[in-house]
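This report concerns only the one structure given below.
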Amino acid sequence: MRLDSFAAYEAAYAESVNNPEKFWGDIAKTFHWKQPFTKVCEWDFTTPDVKWFSDGVLNITENILDRHLAENGNRTAILWEPNDPADERQSFTYRELHGEVCRVANGLKAQGIGKGDRVVLYMPMVPELLFAVLACARIGAIHSVVFAGFSAQALADRIQDAGAVAVLTADEVRRGAKRIPLKSVVDDALHQCDSVRTVWMFPSTGASVDWTAGRDVRWADAIKGMATHCPAEAMAAEDPLFILYTSGSTGKPKGVVHSHGGYMVYTTYSFVNVFQYDANAGDVFWCTADIGWITGHSYLSYGPLLAGATQVMFEGVPTYPDVDRFWAACAHHGVTHFYTAPTAIRALMAHGDEPVQRHDLSRLKVLGTVGEPINDEAWHWYHRVVGREQCPVVDTFWQTETGGIMLSGLGGLSPMKPGHAGLPLPGIQPVLLTADGEEITETGVEGHLCFKHPWPSIIRTTYGDHERCRQTYFAAHPGHYFTGDGAKRDADGMIRVIGRVDDVINVSGHRFGTAEIEEAINQANNVVESAVVGFPHEIKGQGICAFVVGTDAIDAAVAEEASESVVSAIGRVARPDRILVVPGLPKTRSGKIMRRILRKIAEGRSSELGDVSTLLNPEVVPQLVAAFEG
Ligand code: WTA
């Protein structure tokens with residue numbers, strides 16, 4: 001499965017395009033199927049309806065646990081690094097992981113949870129979160145992990161949309177020196193969620209919590225006496241594995257659905273090839289993402305474990321207790337493959353080279369980035385200082401909806417170019433289209449990044465609303481999956497992803513829709529209307545700037561209410577960086593808000609506004625500029 005030269009990549013790529021059925025069929029056969037598949041791919045991008053290995057029966061956790069148990073049961077699967085380095089580290093072999101997952105799986109079953117039920121996980125990055133993810137998959141329950149920084153309202157929205165029967169949580173989450181409550185947030189959310197029968201509570205910090213008898217169960221009680229063996233539920237390849245909510249340009253976040261078979265095949269294949277991970281060489285992989293995001297699903301919970309990897313799981317933040325935390329942990333665990341986000345690189349780069357050079361990073365072989373475009377300066381610092389100019393940097397482009405990495409170099413095999421994700425993985429067929437759907441073949445011209453053939457881990461639906469899936473990804477360019485990103489291709493075929501062409505803002509690698517933030521702001525008492533735009537931010541990539549029209553309350557109060565309203569509707573992660581209280585928003589004569597003008601102002605480029613005289617209310621423009629500069 002692991003390609004070992006650029007020539008092998010080129011051959012695999014050619015085969016994957018010429019004969020995708022054979023290409024993916026051969027790869028998929030290397031997994032354990034309870035019942036082998038005879039069909040490889042059936043697809044139609046109009047409905048859309050995509051199926052991979054549809055008559056095969058499997059359980060993804062058998063390919064993680066049972067398979068490795070037989071061959072490598074004593075290999076370390078997880079090296080858990082706690083938030084506070086003074087706390088005890090934990091590690092789990094594949095055999096131990098199997099036992100822990102089965103105990104949680106049996107505990108869930110004992111509560112009457114089974115195949116097809118939805119279970120929401122709202123937890124810190126403790127090993128129990130990973131056990132719970134895999135336990136759901138083991139029994140065929142559909143997990144939906146909600147990042148432990150979302151608010152009670154955002155959590156309730158997701159629980160309701162998924163119709164979850166259980167929520168697994170903890171008392172609190174540790175984030176550096178801070179402790180943030182989780183159980184009380186769940187309690188708040190559940191006032192609006194009738195579907196939930198059971199809440200499990202893991203005592204992460206030992207904080208006291210309110211208790212609802214008959215509903216709440218202590219983690220230890222839930223798994224007490226449970227067997228360390230649990231048969232893996234037989235799942236059709238297309239049965240849903242999980243739902244993960246993500247933001248788009250309109251409406252509430254949508255539940256992206258991935259399925260057992262294709263997701264298994266693609267996360268494994270992309271993991272071993274992009275990172276050139278070799279379990280037999282004693283490689284140690286570390287993906288710093290939280291399991292609350294897709295990266296923590298595909299390249300922490302699933303891909304590496306499917307490949308039998310040894311990996312670090314980190315509870316904390318890069319700057320606690322000091323700005324050398326990543327590098328200290330890399331040295332301690334002998335990390336060979338390190339995967340993080342440009343925002344973290346930029347934040348750490350600001351502290352200079354010395355914190356990196358304090359540590360022996362000589363085991364590092366491959367560095368990866370994900371989540372947003374990486375600027376040249378950060379790329380070079382990562383390559384030069386962290387990688388000692390010895391490690392290839394893989395800039396991996398992908399999305400919650402793609403399930404796995406789409407564009408990237410493969411370890412040291414492929415050419416690298418700063419700022420360019422690079423070439424497509426085998427099986428991935430990118431095209432750049434004009435807004436009118438014409439294919440762009442010239443180099444250096446920006447177009448809409450689309451894919452014209454399905455890959456095994458493509459989104460199957462948006463939970464409970466298939467039409468929304470069609471509208472969002474398959475309608476703009478018929479016959480294609482559209483990413484929502486703009487990109488350019490150079491003469492060597494290397495692709496540079498520039499950023500979203502829709503109303504999605506990417507803040508520190510986290511996606512938010514401008515509409516969802518505006519809706520939150522508009523709920524505030526003293527707000528009349530608002531418009532939200534992104535602007536370039538030195539550390540976060542993009543920041544959130546909100547233009548808010550208030551009632552006659554004083555400006556500071558309006559701004560404060562607007563900000564709190566976002567925190568309460570979505571969470572601290574979406575708190576706007578700047579709130580400008582303004583007398584009006586620039587509108588066309590038909591009443592449409594001119595976001596182009598707002599974006600220019602927020603970017604500090606008000607000298608480039610051009611002619612605004614055709615606006616309905618051109619007089620607000622200088623007032624907006626004054627508010628920005630004020
Ligand atoms: C952006 C994260 C440039 C892009 C895995 C995409 C990137 C969105 C890159 C998906 C990259 C992700 N270069 N942009 N290497 N990786 N993006 O769903 O705009 O959280 O559409 O998935 O992040 O974000 P998501």
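Ligands are counted one by one from 1 in listed order, and the atoms in each one are counted from 1 as well.
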Taking only heavy atoms of [X], which atoms of ligand 1 are found under 4.0 Å from at least one of them?
X: I294; answer: 2 (C), 5 (C), 22 (O)
X: V370; answer: 5 (C)
X: D395; answer: 11 (C), 13 (N), 15 (N)
X: V497; answer: 3 (C), 14 (N)
X: T295; answer: 5 (C)

Determine, for [X] against [Y], whether the closest basic-nitrogen to carboxylate-oxygen distance falls under 4.0 angstrom.
X: E238; Y: R460; answer: yes
X: R470; Y: E467; answer: yes
X: R496; Y: E446; answer: no
X: D395; Y: K417; answer: no

Quick note, ring-ring contact (aromatic ring centres under 6.0 Å, His included) partners involving residues 391-442, not counting sequence neighbours, are Y299-W398

Look at [atom] and say which protein heavy atom is nearest, naming residue and atom and giving the distance to 0.1 Å.
atom: atom 10 (C) of ligand 1; answer: W398 O, 3.6 Å
atom: atom 19 (O) of ligand 1; answer: D485 OD1, 2.6 Å
atom: atom 11 (C) of ligand 1; answer: E372 O, 3.5 Å
atom: atom 18 (O) of ligand 1; answer: T400 OG1, 2.6 Å

**Prompt:** Is G371 near ligand 1, meaning one of its heavy atoms is under 4.0 Å from it?
**Reply:** yes

Only pairs under 3.5 Å count here: list side-chain donor-acceptor contacts from residues 423-442, not counting sequence neighbours, and write none if there are none.
from	atom 1	to	atom 2	distance (Å)
T434	OG1	D436	N	3.2
T434	OG1	G437	N	3.3
T434	OG1	E438	N	2.9

Counting heavy atoms under 4.0 Å, the part of N506 that contacts ligand 1 is side chain

Short version for P373: what comes under 4.0 Å of ligand 1, heavy atoms counted, is both

request  = Please find out if less than 6.0 Å separates the ring center of Y302 from that of H297.
outcome  = no

Exercise. If you count the non-hydrogen atoms of other residues, nucleotides and ligands that lie under 6.0 Å from NZ in K51, is the total more than 12?
Worked result: no

Closest to atom 24 (O) of ligand 1 (heavy atoms only, candidates R511, M406, Q399) is R511

Polar contact flag for R500 and ligand 1 (N/O pairs, less than 3.5 Å):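 Such a contact does occur with ligand 1.
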
Would you sort out whether T462 and R468 count as a side chain to side chain donor-acceptor pair (under 3.5 Å), showing the intermediate values? CA-CA 7 Å; T462 45; R468 195 164 175 207; 5.9 Å; no

